[in-house]
Each structure stands twice: as structure tokens, then as C-alpha cells.
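Structure first, commentary second.
Throughout, protein chains are lettered first and strands after them, A, B, ... in sequence-line order, and every chain is numbered starting at 1. Worth saying up front: this structure is predicted, and the values here are computed from it rather than measured.
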Protein chains: 2
Amino acid sequence: MSTAKVLPLLEPGGVAPCCPPLTERPLTAEEAERSAVMFKALGDPVRLRLFSLVASYEGGEACVCDISDVGVSQPTVSHHLKKLKEAGLLSSERRGTWVFYRVEPAVLAAMGQLLTRAGAA
Amino acid sequence: MSTAKVLPLLEPGGVAPCCPPLTERPLTAEEAERSAVMFKALGDPVRLRLFSLVASYEGGEACVCDISDVGVSQPTVSHHLKKLKEAGLLSSERRGTWVFYRVEPAVLAAMGQLLTRAGAA
DNA sequence: AGTCTATATTGACGAACGTCGATTCATCGT
DNA sequence: ACGATGAATCGACGTTCGTCAATATAGACT
């Protein structure tokens, strides 16, 4: 089955953001637990590059073969993509021989919201 | 000396953002290295809570004594605050017996920009 | 079936991390 | 000078992480 278990950082199927901006009020322990998963996933240079490669690819998705040149071995690339997927930041789909990854736009928006000052821009 | 060595994630003294939005173009290895430090710093639940506590505190700054109730020991709180400071997310100032931490707003803005879709909102 | 390519999984390794208790340092009142 | 309080540092511990080589799985094409 291609639908691996992932941590839903947004309500499943919905776009409800997990948490208010970090500046609005203190995060609860549980909110912090959920949000930290996303930040942690982007907290590795290789993963951040992989994520950026997928996010900036034409059509919003990229085959693994298109983004594998980040200086680590193929198993390591696969491992990092899995981590990003488990964090809810990417989703994947197999098409023939290739596997395509795409960004979950709602999660990206939720993260951006966390870092946006409540009142200001 | 209170000016501990920290990684400058923005140009020192400037507000120049480190990197374009993750969706605009692939990050270079060096850009990823620098940005990952920030995400990693927020990738721990306790640190994320501490950061949120400081960021949402009245006046934009908080004494350590005001935010220490996050379920870990005092040395651990101190350790995490140091990490946040080394990542450039917080700055600190001693005032009498107490030490106050405040958010570096430029860095927060830079992180928000990373996660903002280039064209869209 | 057999072979080739693309991706995932396994198992192992050293390095980094989060945590704590004990101690030290800094500052303020007496 | 002294004791009390807030915060940082030290040293140690178990755990998690990033990485790789080896192997396995999935699909395409003979």
C-alpha cells in the first residue's frame, strides 16, 4: 500500500492550522510537540535542500531521480524523503518506475503562519 | 563578556534575509546549512515552547524565571535558551539578578519569508 | 523467465542530542 | 563578609540521528 502512516499535522483532510503564531500566545505542550515535528524535519541541511528542490520544481512535484544530487548516497536520500513524508511536509506517488514527491501546500502555509507576527506583516 | 559567539544568520547588523522562499529556487548547500540551523533550533518541543513563551511575553522579552515552567530542570532550560541564542533566534541581557531573553525579530521575519510562497500570499 | 533501472529497507556505526545532578558564577540584601 | 537567589557550566547517561554498504522490492522491456 502506498498510503504509509504519517503524522497529521493538520486535521486530516482539512486545512485547519495547528497553532497560532508563536508570538500570539505560548504554545501548549501538545501544540509544541506537533509543530516541532515540522521544524525538526527541516532542521537538517540535506532534508532542507531536498524539500526546496521539490518545492521549487516545475509543476510542484519532482521525481526522486531529479533531486538525488545532494551529495549523499541514494539510501540516504530515500531515508530523508521518508522523514519529510512522515512529518507531513511531502507526499509521494509512484508512476511507473519513478516515484514523485510533492509539497503539501497546506502544511507549508501552516508553518508560515506560525512564524508570522500576529499583527504586523 | 556577555557577547557570546553566535552564528549570524543574517548579515551582522543588517536585516538582509538569508535566502529566498523555499519554493522559489533550490537552496544551495551553504544556504541550506545556514537555514537549517534555525529550523533545527525550533525542532525540539521544549525549545519551541520556550521560544513561544518569550515571543508572546508582554514587552517582547521575558526573564528566565518567568518561562522556566516547561517541565524540565533548570539546567536544561538554560541549555535550550543557549541553543536558541546560538541559532540567532534569541538575544539575552542581564539586569541585576535576572537575565532577560528577547526575540530577534529580523530572524523571525527571515524564517517566515522562507516559508512564504513566492507569488501567493 | 530474465535483466535492467529506480527506489526502499535493513543493519551497523560513530556523532550529536536531551536530560539530569552537582557545582560554579553573578548579583542582591543584610 | 555573608548568605540567599537566579542562572550558567560541567560531566555523565541513555537515546536519537545521519550516514553508508548491502540487500530487497517494484516496475519496464525484452
Among residues at least two apart in sequence or on other chains, which ones pass side-chain hydrogen bond (donor to acceptor under 3.5 Å, both in side chains) with B/Ser91?
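B/Ser91 satisfies side-chain hydrogen bond (donor to acceptor under 3.5 Å, both in side chains) with B/Glu104 only.
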Set of residues satisfying side-chain hydrogen bond (donor to acceptor under 3.5 Å, both in side chains) with respect to B/Thr97, sequence neighbours excluded
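B/Thr97: no side-chain hydrogen bond (donor to acceptor under 3.5 Å, both in side chains) contacts found.
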[atom1] of [X] versus [atom2] of [N]: gap in Å, rounded?
X: B/Leu81; N: C/dT19; atom1: CG; atom2: C1'; answer: 15 Å
X: A/Leu50; N: C/dT7; atom1: CG; atom2: C1'; answer: 14 Å
X: B/His80; N: C/dG18; atom1: NE2; atom2: P; answer: 6 Å
X: A/Glu33; N: C/dG18; atom1: CD; atom2: C1'; answer: 13 Å
X: B/Glu86; N: C/dG18; atom1: CD; atom2: P; answer: 12 Å

Within this structure, what is the CG-NE2 distance for the pair A/Leu48 and A/His80, rounded to the nearest 0.5 Å?
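The distance works out to 11.5 Å.
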Output yes when at least one side-chain N/O atom of A/Tyr101 is less than 4.0 Å from OP1 or OP2 of C/dA8, else no.
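A/Tyr101 to C/dA8 OP1/OP2: side-chain N or O found under 4.0 Å.
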Phosphate OP1/OP2 of C/dA8 contacted by A/Lys82 side-chain N/O (<4.0 Å)
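Answer is no, no contact under 4.0 Å.
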[X] side chain to [Y] backbone, donor-acceptor under 3.5 Å:
X: B/Arg94; Y: B/Gly96; result: yes
X: B/Ser56; Y: A/Glu24; result: no
X: A/Arg47; Y: A/Ala41; result: yes
X: B/Ser52; Y: A/Leu22; result: yes
X: B/Thr116; Y: B/Gly112; result: yes
X: A/Ser35; Y: A/Glu31; result: yes

What's the verdict on side-chain contact (heavy atoms from CB on, under 4.5 Å) for B/Leu90 and B/Leu81, showing C-alpha distance, side-chain angles and the deciding distance?
CA-CA 8 Å; B/Leu90 294 180; B/Leu81 289 172; 3.9 Å; yes
Mind checking which nucleotides bracket the chain A contacts on DNA chain D, 5' to 3', with an atom under 4.0 Å from a heavy atom?
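Footprint of chain A along DNA chain D, 5' to 3': D/dC17 to D/dA28.
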The helix from C/dA1-D/dT30 to C/dT30-D/dA1: angle between end helix axes, five pairs per end, rounded to 10 degrees:
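It works out to 20° between the end axes.
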Proximity to DNA chain C (any heavy atom under 4.0 Å), residues of residues 58-73 of chain B only:
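Residues of residues 58-73 of chain B under 4.0 Å from DNA chain C: B/Val72, B/Ser73.
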side-chain contact (heavy atoms from CB on, under 4.5 Å) evaluation trace for B/Lys85 with B/Tyr101:
CA-CA 9 Å; B/Lys85 200 172 151 186; B/Tyr101 282 80; 4.2 Å; yes
Does a side-chain N-to-carboxylate-O contact under 4.0 Å join B/Glu61 and B/Arg95?
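Yes.
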Dump the intermediate steps for side-chain contact (heavy atoms from CB on, under 4.5 Å) on A/Met111 and A/Leu89, then the final yes or no.
CA-CA 10 Å; A/Met111 286 192 74; A/Leu89 293 166; 3.9 Å; yes
Given that B/His79 and A/Lys83 both sit by DNA chain D, which one's nearest nucleotide is further toward the 5' end?
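The answer here is B/His79.
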Examine B/Leu108 and A/Leu27 and state if one hydrophobic cluster contains both, with Ile, Leu, Val, Met, Phe, Trp and Tyr joined whenever side-chain heavy atoms are less than 4.5 Å apart.
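Shared cluster, yes.
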Would you mind building the protein contact string for nucleotides 23-30 of chain C? One character per nucleotide, 5' to 3', B for base within reach (heavy atoms under 4.0 Å), S for sugar-phosphate only, - for untouched.
----SS--
Using a 4.0 Å heavy-atom cut-off, does B/Val46 contact any base of the nucleic acid, only the sugar-phosphate backbone, or nothing at all?
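Sugar-phosphate only.
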